There are 2 protein chains.
Amino acid sequence: MAKNTLKKLGLKLTPQRLAILNLLEGNTKHPSAEDIYNKLKPQYPSLSLATVYNTLEVLVKAGEVHEIRIKAGKRCFDPNPIPHGHFLCRICESVFDLDIKPLEIQTPCSIKGYLLENYMIYFYGICPECQEGDNIKDR
Amino acid sequence: MAKNTLKKLGLKLTPQRLAILNLLEGNTKHPSAEDIYNKLKPQYPSLSLATVYNTLEVLVKAGEVHEIRIKAGKRCFDPNPIPHGHFLCRICESVFDLDIKPLEIQTPCSIKGYLLENYMIYFYGICPECQEGDNIKDR
DNA sequence: TTGTTAGATTATAATAATTACAATCTTGTA
DNA sequence: TACAAGATTGTAATTATTATAATCTAACAA
């Protein structure tokens, strides 16, 4: 629940933050900052893109939301706390969750000496829907 | 050899492209487009940043060079054709190669239905050097 | 309730990375 | 050597993001 998340982090409870958190909660679409801004702007006309960025920054720093760098020039955000991989379809440009378990990648031999704090696995290709009917032309 | 790479790809053999390819060959520093530009500019004063970007684009599309998206707003490039992982040190901001074998991640159960063309594994933390002497203050 | 204040929001400017463009130049080939 | 396709260049435009400073508001105490 968005309210509890903000309280837990010692942040002020503002309508903008609640709206952003509510939009993210359970969201598997991996929106960008601008996606979030555009979705919320109609309901919160005073909302600023800066606020979206600010809010995302604190949420990411607190580990409540993960930053996904699967696309070239644009970050997107994922509220799912369970470790998992991501798949970018090169046709529809959507990002999908893949439930890669951490154990499948645990402690690779060559990581000795490095203090591992986090990791990300990104997959690239074509999603099931875009494989139908040779949508590849849509590239 | 840079010359052969260009011929293989049907690209014209220009001094700029040769210089870029030679700089990349065996390079494990993961330079950005600007790094490459700055390195070559003294020797090739006419070199344009646009040419660096253009050349990198064709090399990446041809699969000769890999694009690494481990840092937030900046891409970097890796000529190593052998599949491997990357580690970003949050102190010194360097990117290191880690020889994660493909088999360690091969065909995860949940990838069924997705046409997998490529994948990337990014690790985050502190590199061996930066762990010495509590450099963590330098964050 | 009201007043206070730290912190949040806002609009806008600034920055950084990358891409687009059009003019000029060069490589590869006839 | 001449030509044409393709490459390079400088610059402008674009895109994503961060910085700034003025204004506003949530939280708390009186």
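Here is how names work: the chains are called A, B, and so on, in the same order as the sequence lines, proteins then strands, and each is numbered from 1. Owing to the predicted nature of the structure, the values given are computational and were not obtained by experimental measurement.
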Specify the separation, in whole Å, of atom CG of A:Asn54 and atom P of C:dT10. 10 Å
For A:Asp78 and A:His86, does a side-chain donor sit closer than 3.5 Å to a side-chain acceptor? yes
May I have the distance from B:Arg75 (atom CZ) to C:dA17 (atom P), rounded to whole angstrom? 12 Å
Starting at NZ of B:Lys71 and ending at C1' of C:dA16, how long is that distance when rounded to a whole Å? 14 Å
Starting at OH of A:Tyr44 and ending at C1' of C:dA8, how long is that distance when rounded to a whole Å? 16 Å
To the nearest angstrom, the NZ-P distance between B:Lys74 and C:dT15 comes to 16 Å
Rounded to the nearest angstrom, tell me the gap between atom CG in A:Leu49 and atom P in C:dA13. 15 Å
Ring centres under 6.0 angstrom apart (A:Phe123, B:Tyr114): no
Is there a side-chain contact between A:Thr28 and A:Asn80 (heavy atoms, below 4.5 Å)? no
Under 4.0 Å, heavy atoms only, any strand: does B:Ser32 hit a base, just the sugar-phosphate, or nothing? nothing
So which one's nearest nucleotide on DNA chain D is more toward 5', B:Ala72 or B:Gly10? B:Gly10
DNA chain D: B:Gly73 or B:Gln16, which has the more 5' nearest nucleotide? B:Gln16
Starting at CD of A:Gln16, measure out to OG of A:Ser46 and round the result to the nearest 0.5 Å. 5.5 Å
Does A:Ile126 offer a backbone N or O that forms a donor-acceptor pair with the side chain of B:Glu117 under 3.5 Å? no
Rounded interatomic separation in angstrom, taking OH from B:Tyr53 and C1' from C:dC21: 17 Å
Quick one: does A:Asp35's side chain have a donor or acceptor within less than 3.5 Å of a partner on A:Ser32's backbone? yes
With sugar-phosphate taken as primed atoms, P, OP1 and OP2 and all else as base, the protein-contact string of nucleotides 24-30 of chain C at under 4.0 Å (heavy atoms; B, S, -) is ---BS--
I need the full list of salt bridge (Lys or Arg N to Asp or Glu O under 4.0 Å) pairs touching residues 4-30 of chain A, with sequence neighbours left out, sorted by first then second residue. A:Lys8-A:Glu64
Can you measure B:Arg69 atom CZ to C:dT18 atom C1' for me and round it to whole angstrom units? 13 Å
Hey, is the main chain of A:Val95 close enough, under 3.5 Å, to the side chain of A:Lys71 for a donor-acceptor pair? no
For DNA chain D, note the earliest and the latest nucleotide, 5' to 3', having some atom under 4.0 Å of a heavy atom belonging to chain A. D:dA16 to D:dA27
Checking B:Lys41 side chain against B:Leu47 main chain: does a donor-acceptor pair fall under 3.5 Å? yes
